[in-house]
Amino acid sequence: MANIDSVPQTMWHQLPVSKIFERLASNPDRGLAVDEIAKRQREFGLNELIAKKGKPGWLKFILQFNQPLLIILVCAGAIKALLGEWVNAAVIWGVTTTNAIVSYFQEAQAEDAISALATSIVTEATVIRDGSKTKVQSTQLVPGDIVLLASGDKVPADLRLFKTRDLQIDESALTGESVAVEKNIDSELEPEAPLAERTNMAYAGGFVTFGQGIGIAIATGNHTETGKISSLIEQRTDLTTPLTRKFNQFSQNWLFFVLGMATLTFAVGLGQRSFKDAVEASIALIVGAIPEGLPAVITVTLAIGVRRMARNHAIIRKLPAVETLGSATVICSDKTGTLTENQMTVQVIDAGGLTYTVTGQGYEPEGQISLEGTEDPTDRLVPNTALSECLLTGLLCNDSQLQRAADKWEIVGDPTEGALIVSALKAGFDPAETTSEYPRLDSIPFESQFQYMATLHASRERGQKTIYIKGAAEALLPRCVARLNPAGNLDPLDRESIEARIDAIAQQGLRVLTFAKKSVSASIQSIDHADLEADLVFLGLQGSIDPPRPAAIAAVRACQAAGIQVKMITGDHLKTASAIARRMGIRNQVKQSIAYSGADLSRMNPSDLANAVTQGVVFARVAPEQKLRLVEALQSRGEIVAMTGDGVNDAPALKQADIGIAMGSGTEVSKAAADMILTDDNFASIGSAVEEGRAVYQNLIKAICFILPVNGGESMTILISTLLGRELPILSLQILWLNMLNSIAMTVPLAFEPKSTGVMKHPPRPATEQFLTANRIKRILAVSLYNWTLIFGMFEWVQQTPWGTLPLARTMAIQALVMGRMIYLLSISQLLPATIAKLRGSTDRVQGAPALAIGLVGAIVLQIVFSNAPIINNVFETAPMSLELWAICIGASLPTIAIAAIANRFDPPK
Ligand code: ADP
Ligand code: MG
């Protein structure tokens, strides 16, 4: 049994590796046995960080009151209490508390939803267990597990390394050291070496930025060094976004204004009426001017947006992205796998100066390789050594596997490599036999910055070993010195004709891989990039098709129609990328399809670069580091850039982009740097996230445009009636009823509003746009003014009728306002336009009707209770209404239709 607790922390980096294996009862080659793993999981628990719970619930609840608006309300209640108006005080406090409770729960729910999404992304770790290499969820790791690290991985547990190859780990989260640390297996370390200097250890939470390594897990979960710190750091989800920050800023300024007006009201009131009434007037003004329900609506709307995006395969990691997505002006997307299916099939092979076509589809190893222009399968033709070496290289220099799943063939690993296995199978190779005939001795894995992969194999010729290499022509051709001919002899290399062939294949949109080999002396045990610098023998080319995703083509079109530019960024060949971009309709704003290569870009000065990134739509053979420059150049032109990435080196570009988008299948490094993760890698999901982002913003704006005019109408009413020395048409408690209960019922449906059909038909909103544009301010003022007319007019009129008591006049003024509000709600909701479109024959479903109906019915029931429940009559000083009086209120509210229509004309809801 693992004997861990007896090992002091300072020892792990100091003990000889063999001792560590002894203590942890593990084995470097076989790892742990299955039953042992189960036992250790029971003993040590899951390998996950249990962060300290955030603030306790009661504290969060109390903190809800830590808003200037609510503090003022509490004080207003206190003043009422001092004046002996206990009922009033109790209601004000009651409503304030209700508000706090509602926003507490809404906030908690939103936080939970968002943090649940963040953790729904599982991290995998590659381990050796029971003698074989497998992938497991990193939560399943136990002390003693043998863990393989490769660049891009997140270190899943604290490991003592016992094998490394150029391993570099970014441990900044733990040590604060921003440069990646080079790791080795040196065990001569000082016992007191600080964490940052324990170079033979890899600590959980670090990111492998380069190279590979193998280590044994010595601590998991909260026992790791990160675990020890993070149990001190509390869990927190930030719920602020640019809009909520702007809104908070606005609220602060508004508050001072409201306090000023309240003082004025109080002063004027004192001159005309009793002290108590003057206090009531100023409290009513404060209560009326403050949009109490709005912050909660904003939180709910954002949370609903996050959930909708998750349903569309986009997981939001940072809440502001929900909003920023809506203002994106450029989307830079990877080609392979995001715009295309990443379902590669070799269609053309060029070897020994001859061209072959390959039939068959997908990964099914059924098809024929035949000389171009003939139908004869190769096995009936003269053997071509170059061809068979080219196919052999594809099979040996390969880290992926082909597997037969239930009813189809699948690739485990990289589809580019999978295609090569399939083409070799079509030529009659047996992968198992081949790999045992040429055992692999060492390898350099593919990394996009080098653009090739190489493996070292034993050879049949004595005294020799062979390195097989595959990669991009640009990387390999310059290193080739000869070419293998069909007879198996070396011919001089004719670079130009090979390049012409590559161009021709790439022009068809095929991804071209170049194959080469090199014989080396048998004494060589391992290979390095330096071993591949020269003297390669060119073997041939294989061209694979990778069809565009149909959904991505539609999404590209939708984005371009919405004024969002789409740019393809790829490590692939310029001609291949251009052909696919043309096929997908990716064009710039003047409908041209301009392509640049990474080499072109690197020669440009900043202003040429900014031009090129604006005009160009295809950027090929781009090194990951160049992505950062691309983003910066676009941003220098004021663009709001969404950028995808999956590799280790993409992290800086993802961080710099306004919206960094990582792939669900990508490296942990890229995911950690991203604002959003696509669970299906599909470009179409970016399109729908943008659409959703726009809809969320619209719904937020709708909520603001819906709530503020009521506050406007109420505060104008109090102010004007006070200045005119008239009775107050509404009392502070009644205003609270309106702003809290009625507002909650009527604004929550706005959060559920479906996106409008036109959401992708207009250009992106300028990123600098204030949430109160001139037109929106006009709208809010116009509707406020109308609301005032409605309240004031109804109140004054009823008071003059023979039956008009003061409570009845107030009640009817409020009912008329609410009726008008319902009409206004319908006018800004999506329901009417959607229904009209439906009647005109649109096939889109009319959505959001249930939420709206519930909201409206809820509001109506509340209003009936408001005027017709005796207890409410007592507390809120209202009066019962007969049917005729209801009819009058409804009639009075009808002009809202005209006002709403006018507002929609000069400030169209998009
Ligand atoms: P992208 O994903 O944008 O298409 P990559 O960076 O994956 O670009 O690939 C760039 C080039 O590197 C490819 O065009 C190909 O020539 C080469 N390449 C890609 N995958 C492999 C691999 N597994 N082994 C060797 N070379 C590869
Ligand atoms: Mg790739």
Side-chain angles (χ1 to χ4, degrees), residues 150-152 332-344 346 390 393-401 411-421 443-455 467-479 498-499 502-503 505-506 509-517 529 532 536 539-549 567-581 595 597-599 618-627 630 643-650 653 662-663 665-667 670 681 683:
S151 73
C332 298
S333 173
D334 282 345
K335 169 178 76 71
T336 312
T338 310
L339 289 166
T340 66
E341 303 257 18
N342 213 5
Q343 259 267 349
M344 309 259 179
V346 174
C390 179
T393 308
L395 201 53
L396 291 176
C397 182
N398 199 312
D399 277 334
S400 308
Q401 278 115 42
I411 293 298
V412 185
D414 180 353
T416 305
E417 298 189 341
L420 306 175
I421 304 179
S443 73
I444 301 177
F446 173 74
E447 297 221 30
S448 36
Q449 77 199 90
F450 296 109
Q451 298 207 321
Y452 61 76
M453 165 177 175
T455 49
I467 306 176
Y468 291 100
I469 312 132
K470 71 174 198 299
E474 285 90 330
L476 299 188
L477 267 191
R479 307 161 190 235
I498 295 175
E499 274 159 12
I502 292 172
D503 278 2
I505 301 173
L510 301 188
R511 182 177 177 91
V512 191
L513 276 185
T514 303
F515 297 82
K517 71 172 182 179
H529 291 289
L532 302 170
L536 308 189
L539 301 174
L541 310 165
Q542 296 198 38
S544 321
I545 186 159
D546 179 16
R549 292 175 183 261
K567 299 186 189 285
M568 174 191 280
I569 313 239
T570 177
D572 213 341
H573 194 279
L574 187 96
K575 295 249 160 68
T576 309
S578 303
I580 292 180
S597 74
V618 174
F619 301 91
R621 290 293 192 229
V622 169
E625 302 79 50
Q626 287 184 310
K627 284 191 177 181
L630 282 174
M643 164 71 92
T644 69
D646 53 6
V648 209
N649 305 315
D650 290 338
M663 300 295 146
S665 66
T667 56
S670 61
D681 294 7
F683 181 84

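This one's a predicted model, so the numbers in the text were calculated from it and none came from an experiment. Atoms within each ligand, like the ligands themselves, are counted from 1 in listed order.
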Short N or O distance, H573 and ligand 1, threshold 3.5 Å exclusive: no
L574 CG to D503 CG distance, which is reported to the nearest 0.5 Å: 9.0 Å
D334 heavy atom under 4.0 Å from ligand 1: no
For ligand 1, the portion of D414 having any non-hydrogen atom under 4.0 Å away: side chain
Donor-acceptor under 3.5 Å (N398 side chain, E417 main chain): yes
Lys/Arg N to Asp/Glu carboxylate O, D681 vs R549, below 4.0 Å: no
Option nearest atom 10 (C) of ligand 1 (shortest heavy-atom distance, choices G571, A577, A620, P415): G571
Ligand 1 atoms in contact with G471 (distance to a heavy atom under 4.0 Å): 16 (O), 25 (C), 26 (N)
Contacting atoms of ligand 1, where contact means under 4.0 angstrom from a heavy atom of S448: 6 (O)
Heavy-atom proximity to atom 16 (O) of ligand 1, best of A475, A472, P445: A472
CA sep, side-chain torsions, deciding dist, call: I580, L339, side chain to side chain contact (heavy atoms under 4.5 Å, CB included): CA-CA 9 Å; I580 292 180; L339 289 166; 5.8 Å; no
Check: T570 side chain, D334 main-chain N or O, donor-acceptor pair, under 3.5 Å: no
Test item: M643 and I569 side chains (from C-beta on) under 4.5 Å apart, heavy atoms: yes
Under 3.5 Å: donor-acceptor pair, side chain of T336, backbone of N342: no
Per-atom contacts, ligand 1 versus T570 - under 4.0 Å to a heavy atom: 1 (P), 3 (O), 4 (O)
Part of K470 within contact of ligand 1 (heavy atoms, under 4.0 Å): both
Short side-chain to backbone donor-acceptor contact, R511 and D572, under 3.5 Å: no
Atom indices of ligand 1, in the order listed, that fall short of 4.0 Å to a heavy atom of L513: 15 (C), 16 (O), 17 (C), 18 (N), 26 (N), 27 (C)
Proximity winner for atom 5 (P) of ligand 1, if only heavy atoms of K335, R511, M344, M453 are counted: R511
Backbone N/O of K335 and side chain of T338: donor-acceptor pair under 3.5 Å: no
Region of V512 that comes within reach of ligand 1 [heavy atoms, distance under 4.0 Å]: backbone
Nearest neighbour of atom 18 (N) of ligand 1 from the list F446, F619, F450, on a heavy-atom basis: F446
